[in-house]
Each structure stands twice: as structure tokens, then as C-alpha cells.
Asker: 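Structure provided below as C-alpha cells; questions to follow.
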Amino acid sequence: MEQSVAKKPKYPLGFWICSLTFSFERFAFYGSKPLLVLFLITAVNQGGLGVSEVEASIIASNFTAFTYLAPVFGGIICDRWLGARYAVSIGTVLMALGYFIGWKTTSVMSVHMMIFVVSVGTGLFKGNLAALIGRLFDDKEVLDSAFSVQYSFVNIGAFFGSAITGVLYMNQFKQGDVLGFRPVFLVCGVLVLIGGIFFTLSYKTLKGQGIKPFKYLTDENGNIVGESTSDEEEVTIDVNAPLTKLEKNRVVAIVFVSFVSIIFWLFYYQQELALTIYMDKFVNMKLGGFEFAPQHITTTWNGLLCIFLSLLFAKLWAALAKRPQGDLSMFQKVTLSFIFLGLSYVVLMLMETTRGIGADETHQASVLWLFGFGTLLTIAEICFSPLGNSFVSKYAPKKYLALMMSVWIFASFAAAKINGYVQIFVEKLGIYTIFVTFAAVSFVVAVVLFLLTKRLNKLLADEE
């Protein structure tokens, strides 16, 4: 028996199916997201909609923000009424439909409709698929490493999505002066639909999970644990029952980490605004005869690093878990993420210093600084983002699993919406002041987390 257990694969087959499904969805999202602003502001005779830059920025930011908000409602649906596997399948169909609307769009109203439909589909898909992965593991100690592996699959999709579609719209799909934005949306819709079909045909690999709402615990055959399937009323977790003290403490811990993540993602998203403008004006983007575009730094380079670094960190967390004292706690890992976040902005401070603080556009910094910044920012992201899914899966009250997963995702929505207002201060204070502020705040948050780690860990501990 021990020999057969030793040969048992570390991760169940359903885990790989779910991770690959994420890759298809992220290809579509990151394949379309960087192009949406360009599609909106490009002249009509060049394949765009000719919208002003201000209006286009607001619309494009909604695409990011609402795809993070919708999973909150999708989580409630799966907690109470709908099995997660069915929600994921329906979500892929809706997302595909949204991208197909983008393929045929001729007006701003159609773009709003695309964003709405894709967001609703994402609401049923994203948080629920992550929560479903958490249900596949009996040994919760391997969740940190498992979600790090899953995060690598997410970034495989992000890398190829941003890299390939960028080439397609400028080359293969371009007709004369007309850029091929619309056919890219078609490609994204087809790929997310393929991912959904692949997932649906693989239901049997999910160990019986996702058949019932998350308020039920099910075995590998999909039967409700502990009771006959003919009397579901008795085995339903009472959603109206008060939480225990331990469950309340764990909810507080999840909400706290989610609040901290707003700060993290707010700083992280600045690369899409202030830093992109900075690149365009003050950085020599040429290296070795090749000219990089801003998205090569903010998306493609980040995605490439995540693919490999996620696997490396998965092994690191697994190795640390074997120590007598066990793995680092979630709060210790979040502390590390803010340290690396602060260091990434120190690199930008040094870059601006070498260029000459406040110097004009004739003084340009090397693009190599940006690759250094991107590397440190990606390490911070890996220490933070995939572990949140693991943290929620471990400690959320079972009847609120998907909802708590959605609270984690909601923090990214809040950061995305606040992001536009921060840009006002960026323009008033100057870019170097912003770099210094972000670095300082990151280190302060790291110190606070370090000092609070023991108290926060106590919130998670079962006194029995």
C-alpha cells in the first residue's frame, strides 16, 4: 500500500485540465486587452473606432475592472445554487460570445456590450475554477505549490496571447492601411471556446467536485459526503448558521490580506499608465537592433518570467513545506512580495537618476533598467498573486468558499478603478516623486506585515 501511494502523482489529472483551461482563457484576455485601447483610438479608416484617448482609457479600464468585479457575483451563485463545473463551462461560452461581438463591432456601444458579456462570463469562470482546483486536493499543504504551477499556466496564456495577437493585427490580419483588430477578437473567442469544450469533455477528471454548489461536500463520485443523495436537505451546510469563532477569525484574515492586495495591485498597475508614458518619452527602447514596445515590458516579458519563475517558486514552497517548522506563512510571503515591489521601484529611481532627474526627452535611459524592474516586479507578483488562491482555499468557511475567493479577486477591481485617479497625482508631483513614494510605501507595508505576522497567524490557528 505504501508503495502504491508513493507512486501516486503529486497533482490529480483534473488539476492539469483546469490549469490548461486557464491558459486558453488568459490567451483570449491578454490577447485582446492590450489592443482594446488601440482599437478604440485608431481612426476608422485604419480599422479602429476613432474614439478620443480619454474616453478610450475609461472604456479600456472597465474591461479590466469589471472582469474582476463579476466573479464576486459568480462566487455567490456557485456557493448556493450552481455547481462550479457547469458555471465554468457556461462562462467560457459567454466569454466567447463577447469576443465574437468584438469581432463584429462597429460602435462604442458594441464595445460596451462586448465588455459586459465577457465580464459576466468571467464572473462564472475565474474565481469558481480556482475554487474548484482547491477542492481537488485532500492535502492542503501542497496548495501553495499547486497554485504556483497553475499560475505558470495562466502566464503561458498571457505570454502567447500578448505576443501572438500583437503580430497578427499588425501583419497577418492587416489589409492595406487597415489594422486587423477585429479578426483578433475572433481568434480570442474561438480559443476560449475550445478551452471550454476541452474542460467540459474532461468532467470525469474532477474527482466528483463541482457537481453540487460549494455549500455541499462531495466525494469522488459526486455524492454528498456523509449522507445518502436522496436526502440533500439534511446534508446541506446551513448557510444561515452563524460562523464559529475560528471561521470568523479566518474571514478577518482573508479580508485583511485582500485589503493589502489593493495596495499591491494599485502599485503594480502603474506600469500600464505612468511607466508606459515614461517609456515612450524618456527611455531608449532599442536594444541590439530590435525596438521594444511598452507592452513587451509590461505584458510579454512579465508573462515569460512568470512561466518559469512560477515553477521555480512552486518547488521552493514545496521544499520549505518539508522543513520541521514548515513552509513560510501566507503573511510572510506577502511581506516578501512587498520587499520585491519596493526594490522594483528603487530600480526605477536609479534609472531616472542616471538619466537626470526631471531632464528633458533628449536624455534617455537604457531599456535594460526596465527589464530589471520587470524581473523584480514579477517576483513580487509570484510571491503574492497565486498564493492568494491557495490561502482562500485553505481557510475560507466552506459555505462561503467561492465568495471569499471572489473577495480576493474584487481587490484587483478596486485597484483598477482607483488607478485612474492616482494618475492625477502622478502628473502633479512628477514621476520621480511617484517612484520614491511607491518604494517607501512598499517597504513600510512590508515592515508592518512583518510585525503583525504572529498575530495574523493566530487568526488562522485552530486552538484545538
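Along the sequence shown, residues are numbered consecutively beginning with 1.
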Asker: To the nearest 0.5 Å, what is the distance between CD (Gln364) and CE (Met351)?
Answerer: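 Gln364 atom CD to Met351 atom CE measures 11.0 Å (nearest 0.5 Å).
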
Asker: Do Ile379 and Phe313 make a side-chain contact, defined as non-hydrogen atoms from C-beta onward lying under 4.5 Å apart?
Answerer: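 In short, these two side chains touch, coming nearer than 4.5 Å.
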
Asker: Got a second to check how far Glu25's CD is from Cys188's SG, nearest 0.5 Å?
Answerer: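 Nearest 0.5 Å value for the CD-SG distance: 10.5 Å.
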
Asker: With a 4.5 Å heavy-atom cut-off, do Ser344 and Phe340 have their side chains touching?
Answerer: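 Contact flag for Ser344/Phe340 side chains = no.
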
Asker: Counting N and O atoms only, with roles assigned by atom type, does the side chain of Arg355 sit under 3.5 Å from a partner on the main chain of His363, one being a donor and the other an acceptor?
Answerer: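 Yes: the side chain of Arg355 pairs with the backbone of His363.
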
Asker: Consider only side-chain N and O atoms of Thr375 and Thr378, and report whether a donor and an acceptor are under 3.5 Å apart.
Answerer: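 Short answer, no.
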
Asker: Compare every heavy atom of Val118 with every heavy atom of Gly98, then report the nearest pair and how far apart it is.
Answerer: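 The pair with the smallest heavy-atom distance is CA-CG2, 3.7 Å.
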
Asker: Tell me, yes or no, whether the heavy-atom count around Phe443 atom CZ, taken from other residues, nucleotides or ligands under 6.0 Å, exceeds 12.
Answerer: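 Correct, the count exceeds 12.
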
Asker: Can you measure from CG (Leu305) to CD (Glu381) and round to the nearest 0.5 angstrom?
Answerer: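 Output value for this atom pair is 9.5 Å.
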
Asker: Would you confirm whether the ring centroid of Phe267 sits within less than 6.0 angstrom of the ring centroid of Phe438?
Answerer: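 For Phe438 and Phe267, the ring centres are under 6.0 Å apart.
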
Asker: If I compare all heavy atoms of Thr453 with all of Thr335, which pair ends up nearest, and what's the gap?
Answerer: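 That closest heavy-atom pairing would be OG1-OG1, 4.4 Å.
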
Asker: Verify the neighbour count for atom CZ of Arg323: are there more than 12 heavy atoms of other residues, nucleotides or ligands below 6.0 Å?
Answerer: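 Yes, because the 6.0 Å sphere around CZ of Arg323 holds more than 12 heavy atoms from other groups.
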
Asker: Centroid separation under 6.0 Å, is that true for the rings of Phe27 and Phe159?
Answerer: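 No, the ring of Phe159 stays outside the 6.0 Å limit from the ring of Phe27, centre to centre.
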
Asker: Kindly indicate whether the side chain of Ile194, heavy atoms from C-beta on, has any atom under 4.5 Å from the side chain of Val190.
Answerer: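 The answer is yes, as the side chains (C-beta and beyond) meet within the 4.5 Å cut-off.
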
Asker: To the nearest 0.5 Å, tell me how far Thr433 OG1 sits from Glu352 CD.
Answerer: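 One finds 10.0 Å between OG1 of Thr433 and CD of Glu352.
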
Asker: Is any side-chain heavy atom of Trp301 closer than 4.5 Å to a side-chain heavy atom of Leu370?
Answerer: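 Trp301 does not reach Leu370 side chain to side chain.
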
Asker: Heavy-atom count around Phe73 CZ within 6.0 Å, excluding the residue itself: above 12?
Answerer: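 Not buried by this count: 12 neighbours or fewer within 6.0 Å.
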
Asker: Show your working on side chain to side chain contact (heavy atoms under 4.5 Å, CB included) between Thr122 and Phe29 and close with a plain yes or no.
Answerer: CA-CA 10 Å; Thr122 304; Phe29 182 75; 5.8 Å; no

Asker: Looking at Leu304, Thr298, Thr299, which hits side chain to side chain contact (heavy atoms under 4.5 Å, CB included) with Ser162?
Answerer: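 One option only clears the test, and that one is Thr299.
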
Asker: Check the surroundings of atom CE in Met113: do more than 12 heavy atoms from other residues, nucleotides or ligands lie under 6.0 Å from it?
Answerer: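 Open.
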
Asker: Is it the case that over 12 heavy atoms from other parts of the model lie below 6.0 angstrom from the CG atom of Asn45?
Answerer: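 More than 12 within 6.0 Å, yes.
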
Asker: Please check: side-chain N/O of Gln175 versus main-chain N/O of Gly180, any donor-acceptor pairing under 3.5 Å?
Answerer: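 Such a contact is absent between Gln175 side chain and Gly180 backbone.
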
Asker: Would you check if Trp369 and Leu348 make a side-chain contact, meaning some heavy-atom pair closer than 4.5 Å?
Answerer: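 When only atoms from C-beta onward are counted, Leu348 and Trp369 do not touch, as no gap falls below 4.5 Å.
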
Asker: Could you tabulate the donor-acceptor pairs under 3.5 Å formed by side-chain atoms of residues 252-266, not counting sequence neighbours?
Answerer:
from   : atom 1 : to     : atom 2 : distance (Å)
Ser258 : OG     : Ile254 : O      : 2.8
Ser261 : OG     : Ser258 : O      : 2.5

Asker: To the nearest 0.5 Å, tell me how far Ile164 CD1 sits from Gln172 CD.
Answerer: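 It comes to 10.5 Å.
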
Asker: Within 45° of the six-membered ring axis of Phe185 and under 6.0 Å from that ring's centre, is NZ or CZ of Arg182 located there?
Answerer: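 Arg182 over Phe185 ring: no.
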
Asker: Looking at every non-hydrogen atom in both residues, tell me the closest pair between Leu341 and Ala380 and how far apart they are.
Answerer: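 Taking every non-hydrogen atom into account, N-CB, 3.6 Å.
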
Asker: Do Phe125 and Val192 pass the side chain to side chain contact (heavy atoms under 4.5 Å, CB included) test, and can you show the C-alpha distance, the side-chain angles, and the key distance before you say yes or no?
Answerer: CA-CA 11 Å; Phe125 177 92; Val192 77; over 6 Å; no

Asker: Do Thr105 side-chain atoms and Gly102 backbone N/O form a donor-acceptor pair below 3.5 Å?
Answerer: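 It does not hold such a pair.
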
Asker: Does Phe338 reach the side chain of Val334, with side-chain heavy atoms less than 4.5 Å apart?
Answerer: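 Yes - at least one pair of side-chain heavy atoms lies under 4.5 Å apart.
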
Asker: For a quick check under 3.5 Å, do Tyr30 and Asn302 share a side-chain donor-acceptor pair by atom type?
Answerer: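 The criterion, which ignores hydrogens and geometry beyond distance, is not satisfied for Asn302 and Tyr30.
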
Asker: Decide yes or no on side chain to side chain contact (heavy atoms under 4.5 Å, CB included) for Phe137 and Tyr11, but give the supporting numbers first.
Answerer: CA-CA 8 Å; Phe137 290 86; Tyr11 305 128; 3.4 Å; yes

Asker: I'd like to check Lys174 versus Tyr169 (side-chain heavy atoms, cut-off strictly below 4.5 Å). Are they in contact?
Answerer: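 Heavy-atom side-chain distance check fails, nothing below 4.5 Å.
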
Asker: Decide yes or no on side chain to side chain contact (heavy atoms under 4.5 Å, CB included) for Ile297 and Phe371, but give the supporting numbers first.
Answerer: CA-CA 7 Å; Ile297 305 297; Phe371 283 105; 3.6 Å; yes

Asker: Tell me whether the count of non-hydrogen atoms from other residues, nucleotides or ligands lying under 6.0 Å of CZ in Phe413 goes above 12.
Answerer: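 Result for CZ/Phe413: enclosed.
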
Asker: Grab the two heavy atoms, one from Val108 and one from Leu49, that are nearest each other, plus how far apart they are.
Answerer: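 Closest approach of Val108 to Leu49: N-CD1, 4.2 Å.
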
Asker: Give me the atom names and distance for the closest heavy-atom approach of Phe66 to Ser119.
Answerer: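 Distance-wise, the nearest heavy atoms are CB-OG, 3.5 Å.
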
Asker: Decide if the gap between the ring center of Phe199 and the ring center of Phe24 is smaller than 6.0 angstrom.
Answerer: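 No, the ring centres sit 6.0 Å or more apart.
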
Asker: What distance do Ile115 atom CD1 and Leu36 atom CG have between them, rounded to the nearest 0.5 Å?
Answerer: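 Spacing of CD1 (Ile115) from CG (Leu36) equals 5.5 Å.
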
Asker: Heavy atoms only: give me the nearest Asn128-Ala87 pair and the separation to one decimal.
Answerer: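 Minimum heavy-atom separation between Asn128 and Ala87: ND2-CB, 4.2 Å.
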
